[in-house]
Amino acid sequence: MRVLILCATLLSVTSEIGAQTLPYARSVVETLSSDEFKGRGYVHDGDKLAADFIKKEFERFGLQPIGGDYYQEFELPINTFPTEVNLSVNGNPLIPGKEFVVTPGSGPLKGSFETISITADDMLSDDRFLKKVREAFAKLVVVQPYDKSDYAKEEQDRLNMIEMFLKYHDDNPILGSIFLSEEPLKWNGSQQQYKRASVEVFADSIDTPINEVELTINPEFIESYKTQNVIGYLEGDNTDSLIVIMAHYDHFGMMGNAIFPGANDNASGTAMMLSLARYFSENKPPYSMVFMAFGGEELGLLGSKYFIQNPTIDLKKIKFMMNFDLAGTGDEGIQVVNGSVYRNEFDRLSELNSENDLLPQVKIRGAACNSDHCFFSEMGIPGFYIYTLGGIRAYHDVYDRYETLPFTEFEDYFKLMTEFIDQL
Ligand SMILES: [Zn+2]
C-alpha cells in the first residue's frame, strides 16, 4: 500500500512538472530578460547576476558542481558603454537602441559637430572620395543609406573597405562617422576599442539634411573581464556515459541606458536547459547529464571554446549533446543543425514528433558552426543544435523582449526533448 501511495505521489509530481513547464520557463525568461539583469552582458554585473540565478536553480534541483564549483571562470576583452550615450540630430535627441546605436568598437567623442554627407557613389570614385575626406577634416561623415545588393561584387568589396576605413582606421582625418540605415538597428559586441567614434542611425527617425550633431560616447574598454560558465551534474542510471545539455545565457548587455534583453536569444534556450534539469532531477535520466550554461557566446562562442580547451568532464564519455539557442517561438517547428550528420538520431526525433503529434515541423539541416555546439561538433562529439522557426523576428535588438515572445510551441518542444533524451 505504502509503495502504491508513493508511486501515486511520484506520478502526480512528475505530471505536475510536465504541466508546469510553460509557467516555469516563462518565469525564467521573464527574470533573465528583466531590466534587473542588465542584458546579461558586461556592464553593471549583468553576466554575474544571470550566472548566480542559474547556479541557484541548479542547487535547487540538486545538481552537483563539478570539481567543487558550479562556475568555470574565464576572461575576455570587451568594449563597454556603462554611462549614457547621447545623440541629437538638428537639436532632436534620438532614442538609444531604437533610433541609434553606437558601433560596438567605437572610441570616445563628445561635443557638437558639423557633418559632411557622403553617398555610396562618392565612395566608389577615388577622386570624389578623396575630395570628401579632405573636406571632412574635423567633421563627422554622414554615410547616406544604400542597398549593397544594388552593387556588383567588386563594388561591394570596395564599399566594405571604405566602411571599415571610416569606422576603424586610426589615421583617417575625420572625427567619426554616422551610418544611416533604412533597416531597423541591431547591436553587437566588440573585443576591441578603436580610436574613431561611430554610430548607426535609423534613417526614418531623423530629418535630413543633417546640419548639426551633438554626441556623447564614453566607452570603457576592459582588457580582461572576468566572466563564467555555469555547469551542473545530475546522476543517471548509467554513469559511464553523459548527455550534455547546453545553452548560452549571455547577451549584449547595455549601451548607455538602452538594455538588450535577449529574451529569445537566449533566455529562452536557458529556460529550456533549466526546464530539462528540473524535469530530470525528478525523473532519473537513462544516463548521467551535464547541464552547461555558457557565457561569452555572442562575442564569438568564447565560453564554450574555453570549456573545450579546459574540459571539466571526460569529453570521450559524451554520448550525445544538445544545444538550445532561440527556443521561444516554434510556429514553424524546429530546425535541427547536425540532423543530416547524425541521421539515426534525427530520424528517431522526427518519428517521436509524429507519433506524439507535437511540433508542426522537424526540419533537417547539416553541420553549422553557428552556436556553442560548434567546438564539440568539430571534435566529433555527436549532438544537435536546435532552434525554433517562425514567430517574431526580433534578434540582437532592443525588441527581443519577454512581453512579445510567443512561446508558441514551448510545451510540445519540451515534451519532444524529454522523450528523445529518455530514448537515447
Ligand atoms: Zn544566441
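Basis for what follows: all heavy atoms, side chains included, without hydrogens, waters or symmetry-related copies. Order of appearance sets the numbers: ligands from 1, and atoms from 1 within every ligand.
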*Tell me yes or no: between the side chains of Y399 and T404, is some donor less than 3.5 Å from an acceptor?*
no
ring-ring contact (aromatic ring centres under 6.0 Å, His included) pairs touching residues 342-365, sequence neighbours excluded, are none
- prompt: Taking the six-membered ring for Trp, is the centroid-to-centroid distance between F53 and Y249 below 6.0 Å?
  reply: no
In N229, D372, N323, D265, the residue satisfying side chain to side chain donor-acceptor pair (under 3.5 Å) with H248 is D265
Taken in chain and number order and not counting sequence neighbours, the residues that satisfy side-chain hydrogen bond (donor to acceptor under 3.5 Å, both in side chains) with Q144 are S117
Residue pairs passing the disulfide (SG to SG under 2.5 Å) test with at least one member in residues 393-424, sequence neighbours excluded, are none
Atoms of type N, O or S from the protein that sit nearer than 2.8 Å to the Zn ion (ligand 1) number exactly 4
